[in-house]
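Notes follow the structure.
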Amino acid sequence: MKIGILSYHFPPEPAFIPGSLAEELAARGHEVRVLTGFPDYPGGQVYPGWRQRWRYETRSERLTVRRVPRYSGGDGSGRARMTSYLSFAGSASLVARRFFAGVDALYVFQLPATSFAAAGVLRLLGRVPTVLHVQDLWPQEATGGDARWAARLGSATSRVFRAADRIAVVAPSMRDLAVAAGADPAAVSVVLNWTDERIFQPVRPSPAARRLVRRDDRCVVMHAGTMGARHGLETAVRAAAALDRTMDLVLVGSGADERRVRGLAAELRADNVRFVERRSPVDMPDLYAAADYQLVMLRDLPELRGTVPGKLQAALSCAAPVVASAGGDTAELVERARAGLSCPPEDWASLADRFWLAATIPSSARGEMGRRGREAYLREMSQAAGVDRIERLLHDAARPAVAR
């Protein structure tokens with residue numbers, strides 16, 4: 001097939017899903033054309049060594065990437081984000097008709113940031129079979145809380161949903177949200193995201209990782225990644241502080257909430273809560289292996305019940321047992337796979353109970369949890385399984401047009 005891909009982000013940005021999908025579809029013999037912007041995420045400034053310009057393309061066998069200029073605003077405000085979204089929509093619309101001419105199907109990596117561009121491109125291309133891969137459905141958050149722009153973004157998203165032939169959502173509960181946003185229920189399928197399997201594989205911990213993560217033989221629960229508003233890590237700190245002689249909580253990474261989380265740990269004198277600076281993704285499997293459990297945290301918000309954070313796939317792919325303080329699909333996936341323990345979100349007493357139970361489970365049983373999680377990942381969330389499903393949706397979307 002000739003497949004177009006429209007994505008606001010693309011490698012070298014941390015946009016693993018559209019990047020790995022494009023490479024794998026090309027490796028399977030499809031001709032793939034990617035339309036995206038110049039890399040500026042997460043800092044909001046174009047990467048060093050890059051310069052925005054028109055007519056910038058890179059080509060390899062069966063894969064062409066066309067980059068178009070967009071506004072890069074580094075202040076992170078809602079106004080700057082909306083300006084960037086709209087500028088990408090305008091740039092993409094200018095080149096889409098020629099660049100995507102003759103494609104059999106269009107894949108859209110659907111973030112709120114892509115909605116205006118997708119609406120404009122589909123209007124220009126006419127009746128091109130389209131598959132949306134929906135990652136997020138909350139325009140209010142994407143616009144920094146600006147209700148007027150959130151309404152406009154929501155309207156554009158609904159238009160794209162109604163125009164799509166097939167829609168993939170990244171969590172089971174997101175299906176109902178997509179239908180409420182305008183999707184045809186018969187067109188919606190669940191395709192769980194995958195992780196970078198070149199990095200996230202089971203390994204034996206190195207002595208250096210053990211020295212960094214462990215102080216003694218106590219159980220270590222690790223949270224790796226962003227310390228942000230969605231995670232509610234204060235709950236984990238309070239839970240760990242109640243078990244200061246039973247387990248250690250190791251927080252690896254940084255983020256907007258880091259200062260508040262560090263302050264709470266100091267206030268509670270939680271000596272068993274330790275902080276490790278952000279590490280490269282290639283270092284993480286080693287650190288995972290040195291810990292006993294990986295912690296997945298999501299706050300108790302309606303928009304997060306249909307969310308599966310990427311750290312869950314990374315942990316399961318590494319055969320790491322999981323403690324999930326979350327609701328909805330995240331907790332359900334952990335429990336169904338029997339890959340760890342779960343409790344309701346934002347309930348520090350329940351999480352403290354899970355931490356205590358985690359510390360009492362023998363290492364052999366922890367290993368079985370990790371093994372079951374790895375098997376569930378390979379069966380339901382792997383790159384091979386995900387690309388198979390997306391490829392099937394692209395064929396299904398294109399088939400009526402081919403028949404005509």
Side-chain angles (χ1 to χ4, degrees), residues 195-196 199-227 231 233 235-255 258 261-262 265 270-298 309-326 330 334 337-343 351-374 376-377:
T195 193
D196 190 340
I199 296 174
F200 293 102
Q201 293 282 338
V203 299
R204 293 183 64 84
S206 68
R210 291 186 65 86
R211 286 194 299 271
L212 182 65
V213 170
R214 311 191 73 90
R215 293 185 297 186
D216 49 34
D217 292 331
R218 283 191 291 183
C219 176
V220 173
V221 179
M222 175 187 292
H223 181 277
T226 304
M227 301 182 194
H231 305 109
L233 284 169
T235 300
V237 171
R238 293 185 185 280
L243 299 166
D244 62 336
R245 298 184 180 180
T246 303
M247 53 80 68
D248 281 353
L249 175 64
V250 177
L251 304 176
V252 182
S254 61
E258 180 180 358
V261 174
R262 284 181 178 270
D271 294 334
N272 63 329
V273 178
R274 292 182 286 117
F275 295 83
V276 175
E277 64 184 12
R278 182 193 299 267
R279 297 298 170 114
S280 166
V282 298
D283 296 331
M284 295 315 301
D286 194 18
L287 299 187
Y288 284 7
D292 296 297
Y293 296 87
Q294 290 302 306
L295 177 63
V296 178
M297 299 281 295
L298 287 175
K311 61 170 59 70
L312 177 61
Q313 283 92 332
L316 296 182
S317 184
C318 288
V322 173
V323 176
S325 173
T330 296
V334 171
R338 296 189 297 139
L341 307 171
S342 69
C343 68
L351 183 56
D353 178 74
R354 297 294 92 179
F355 283 167
W356 177 86
L357 180 57
T360 66
I361 294 174
S363 59
S364 60
R366 297 173 191 169
E368 284 299 302
M369 288 179 179
R371 180 188 60 78
R372 290 192 294 264
R374 169 81 176 161
Y377 173 82

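Small disclaimer: the values here were computed from a predicted structure and weren't measured.
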* Residues, nucleotides or ligands: over 12 heavy atoms within 6.0 Å of R218 CZ ->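 Yes.
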Looking only at heavy atoms, which two atoms of [X] and [Y] are closest? And how far apart?
{"X": "N272", "Y": "R215", "result": "CA-NH2, 3.6 Å"}
{"X": "T195", "Y": "Y377", "result": "N-OH, 3.2 Å"}
{"X": "A265", "Y": "V273", "result": "CB-CG1, 4.2 Å"}

Qualifying residues under side chain to side chain donor-acceptor pair (under 3.5 Å), relative to [X], sequence neighbours excluded:
{"X": "D283", "value": "none"}
{"X": "T330", "value": "none"}
{"X": "R210", "value": "none"}
{"X": "R366", "value": "D292, Y293"}

Side chain to side chain contact (heavy atoms under 4.5 Å, CB included) involving [X] - partner list, sequence neighbours excluded:
{"X": "L243", "value": "T246, M247, A352, F355, W356"}
{"X": "V282", "value": "I199, S280"}
{"X": "D286", "value": "P205, S206, A209"}
{"X": "T226", "value": "H231"}

* To do: I would like to know whether V250 and L287 meet side-chain contact (heavy atoms from CB on, under 4.5 Å); could you show each step before the answer?
  => CA-CA 10 Å; V250 177; L287 299 187; over 6 Å; no
* Can you list the steps and then say if V252 with M284 is a side-chain contact (heavy atoms from CB on, under 4.5 Å)? -> CA-CA 9 Å; V252 182; M284 295 315 301; 4.1 Å; yes
For the [atom1] atom of [X] and the [atom2] atom of [Y], what is their distance to the nearest 0.5 Å?
{"X": "K311", "Y": "H223", "atom1": "NZ", "atom2": "NE2", "value": "4.0 Å"}
{"X": "C219", "Y": "L357", "atom1": "SG", "atom2": "CG", "value": "10.0 Å"}
{"X": "M227", "Y": "M297", "atom1": "CE", "atom2": "CE", "value": "11.5 Å"}

* Asked: Can you name the salt bridge (charged side-chain N to carboxylate O under 4.0 Å, His left out) partners of D217, sequence neighbours left out?
  ->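 Checked D217 against salt bridge (charged side-chain N to carboxylate O under 4.0 Å, His left out); zero matches.
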* **Those residues that, when tested against R274, pass salt bridge (charged side-chain N to carboxylate O under 4.0 Å, His left out) (two or more places apart)** =>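 Testing R274 for salt bridge (charged side-chain N to carboxylate O under 4.0 Å, His left out), a comparison that skips the adjacent residues, returns D248.
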* **Step-by-step side-chain contact (heavy atoms from CB on, under 4.5 Å) determination, D271 to D244** => CA-CA 7 Å; D271 294 334; D244 62 336; over 6 Å; no
Return all side-chain donor-acceptor pairs below 3.5 angstrom for residues 313-324, not counting sequence neighbours, or 'none' if the list is empty.
unit_1, atom_1, unit_2, atom_2, d
Q313, NE2, N193, O, 3.1
S317, OG, F200, O, 2.7
S317, OG, R374, NH1, 3.3

* Is the closest side-chain heavy-atom distance between L249 and L295 below 4.5 Å? ->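 They are in side-chain contact.
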* Any donor-acceptor pair under 3.5 Å from R354 side chain to C343 backbone ->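 Not at all, since once roles are kept as given, no pair shorter than 3.5 Å links the two residues.
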* Please walk me through it: do I361 and M369 pass side-chain contact (heavy atoms from CB on, under 4.5 Å)? -> CA-CA 10 Å; I361 294 174; M369 288 179 179; 3.5 Å; yes
